[in-house]
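Below is one structure, written out as structure tokens; comments come after it.
Being a predicted model, the structure only gives us computed values, none of them experimental.
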Amino acid sequence: MSSVDTNKNGPTPTLLEKAPWTDEQGIGMKVYRAVSIAIEILVLYVKMTVTWLYCLYQFFVPPEPKSVKGEVILITGAGHGMGREVAMRFGRLGGIIVCVDINAVGNQETVDIIKKDKGRAHRFECDVTNREAVIALKDKISREVGDVTMLVNNAGIMPCKPLSMTTESAIRGAFEVNIIAHFWLLQTFLPSMMEKNHGHIVAMSSMAGVVGLRNLVPYCATKFAVRGLMEALHEELREDAKDYSGIKLTVICPFIVDTGLCKHPKIKFPSLMKILTPQEAADNIVDAVRRNYYEITIPSSLYYINMICRIFPRSVPLYLKDFLDSGLEAQ
């Protein structure tokens, strides 16, 4: 009998002829692909392990703070609170501070304080929720100061009421100031950083951008959005064909800071989770930026507590949240 049976559809290979070792693209190709995938997984494992060990090393031996001398640092909401404190500290370190606020009086006070400390500072008033005004601001800063090399998106507002009692204008205002303004400022000031492959973007999120809290639904939504924006921007820069490794990003997530926005804080264990002063928060922010940290919480312990809690089913960390019983009462 022939090794090939015939039928009206043509020759039909026998079982012997279907064996993988008789297929030119069979077992050899399968082995090659399997080995290639195994090597890729091994390389991935080595990269992840080495990076993890390096991050562990940096936890105990932090990177040296970089100099900000001569950097043109734009800070929104510089007229008071954390914005003013951060501006003062960068001014003492030799940065050229561009103070931006809608409040001319407070903004000028910040400039005067920096100059009194023999720093360099410039005052500009701008409604950062207005895209055209931000573009005009950029042109003015470029002419009078130079290209911005560090952008600190600090301006923010905090409506603090149950969602059912929060007005439409309050919700829209929170989104306009806390997140939409970031887009206008980034679209306006990031291109010059990309041209030079040099710059730093700092975004103020919050622990309310990590954990949802009652009476802060719109605020939490905007601060979660800030973290999403920064993560997506990081990937957009990282995966671009051009090298943008010289542009650093830092996301700041403070707990309750006594800036005047938090009218009725509720802290069950003040010694464990105390209300921060603007000065304490600013010290942590400036240090994180100078060390090129991507994300920090203030205090730092909350970062690790949150990461640990995330590995448990969602209902488990709620017991810890109820035990700590911290947040803001409605205003």
Side-chain angles (χ1 to χ4, degrees), residues 44-45 48-49 51-53 55-56 58-59 153 156-168 170-172 174-175 177-180 182-183 202-236 238 249-257 261-276 281 284-285 288 293-331:
L44 173 63
Y45 173 78
M48 292 177 69
T49 302
T51 302
W52 185 84
L53 291 173
C55 291
L56 189 63
Q58 286 192 318
F59 176 80
N153 280 318
I157 58 176
M158 181 189 289
C160 187
K161 291 182 179 179
L163 180 60
S164 60
M165 298 174 62
T166 308
T167 64
E168 177 186 352
I171 294 172
R172 291 185 181 277
F175 274 86
V177 176
N178 295 358
I179 182 62
I180 300 298
H182 288 233
F183 286 94
V202 184
M204 295 301 302
S205 182
S206 168
M207 283 307 297
V210 177
V211 179
L213 298 169
R214 67 189 297 262
N215 297 321
L216 291 174
V217 174
Y219 183 76
C220 287
T222 63
K223 293 305 183 178
F224 269 86
V226 167
R227 295 179 67 229
L229 162 64
M230 291 292 280
E231 184 169 326
L233 178 61
H234 177 271
E235 291 307 291
E236 192 164 289
R238 186 179 71 88
L249 277 67
T250 299
V251 183
I252 309 295
C253 300
F255 187 52
I256 299 174
V257 182
L261 291 178
C262 306
K263 303 295 184 182
H264 304 292
K266 180 179 65 171
I267 309 293
K268 184 177 180 180
F269 301 106
S271 59
L272 180 64
M273 301 176 69
K274 68 174 184 176
I275 298 175
L276 302 166
N284 282 271
I285 292 167
Y293 290 153
Y294 173 72
E295 184 176 46
I296 66 161
T297 64
I298 310 173
S300 60
S301 58
L302 294 179
Y303 180 84
Y304 302 102
I305 291 172
N306 175 67
M307 295 300 290
I308 292 170
C309 286
R310 293 284 179 179
I311 69 174
F312 294 106
R314 186 175 182 278
S315 56
V316 175
L318 293 180
Y319 288 107
L320 175 61
K321 189 176 179 182
D322 292 343
F323 173 74
L324 295 174
D325 193 25
S326 299
L328 295 176
E329 299 289 0
Q331 297 174 11

Review point. Does Ser205 reach the main-chain N or O of Lys223 with its side chain, forming a donor-acceptor pair under 3.5 Å?
Key: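 Yes.
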Review point. Is a side-chain donor or acceptor of Arg227 paired with a backbone partner of Gly209 at a separation under 3.5 angstrom?
Key: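 Checked: pair present.
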Heavy atoms from other residues, nucleotides or ligands near [atom1] of [X] exceed 12 (cutoff 6.0 Å):
X: Tyr303; atom1: OH; answer: no
X: Glu236; atom1: CD; answer: no
X: Gln58; atom1: CD; answer: yes

Please find the pair of heavy atoms, one from [X] and one from [Y], that lie closest to each other, and give the distance.
X: His182; Y: Leu229; result: CB-CD2, 3.7 Å
X: Val177; Y: Gly156; result: CG1-CA, 3.7 Å
X: Pro159; Y: Leu216; result: O-CD2, 3.7 Å
X: Phe312; Y: Pro317; result: CB-CD, 4.2 Å

Review point. With sequence neighbours left out, what residues match Phe59 under ring pair (Phe, Tyr, Trp, His ring centres under 6.0 Å)?
Key: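 Once residues adjacent in sequence are excluded, the partners of Phe59 under the ring pair (Phe, Tyr, Trp, His ring centres under 6.0 Å) criterion are Tyr304.
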So how far is it from [X] [atom1] to [Y] [atom2], rounded to the nearest 0.5 Å?
X: Tyr293; Y: Ile252; atom1: OH; atom2: CD1; answer: 11.5 Å
X: Ser300; Y: Ile305; atom1: OG; atom2: CD1; answer: 9.5 Å
X: Leu249; Y: Leu233; atom1: CG; atom2: CG; answer: 5.0 Å
X: Met204; Y: Ile285; atom1: CE; atom2: CD1; answer: 4.0 Å
X: Arg214; Y: Cys160; atom1: CZ; atom2: SG; answer: 9.5 Å
X: Cys253; Y: Asn284; atom1: SG; atom2: CG; answer: 12.5 Å

Review point. Only one of Thr297, Val210, Ile298, Leu302 clears side-chain contact (heavy atoms from CB on, under 4.5 Å) with Phe255; which?
Key: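 Going through Thr297, Val210, Ile298, Leu302 one by one, the side-chain contact (heavy atoms from CB on, under 4.5 Å) with Phe255 is satisfied by Leu302 alone.
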Exercise for review: Report the residue from Ile171, Ile157, Asn178 that forms a side-chain contact (heavy atoms from CB on, under 4.5 Å) with Tyr219.
Suggested key: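 By the side-chain contact (heavy atoms from CB on, under 4.5 Å) criterion, Tyr219 pairs with just one of Ile171, Ile157, Asn178: Asn178.
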Practice item. Check whether any side-chain heavy atom of Lys321 lies under 4.5 Å from a side-chain heavy atom of Leu213, and answer yes or no. Key: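 Side-chain contact under 4.5 Å: yes.
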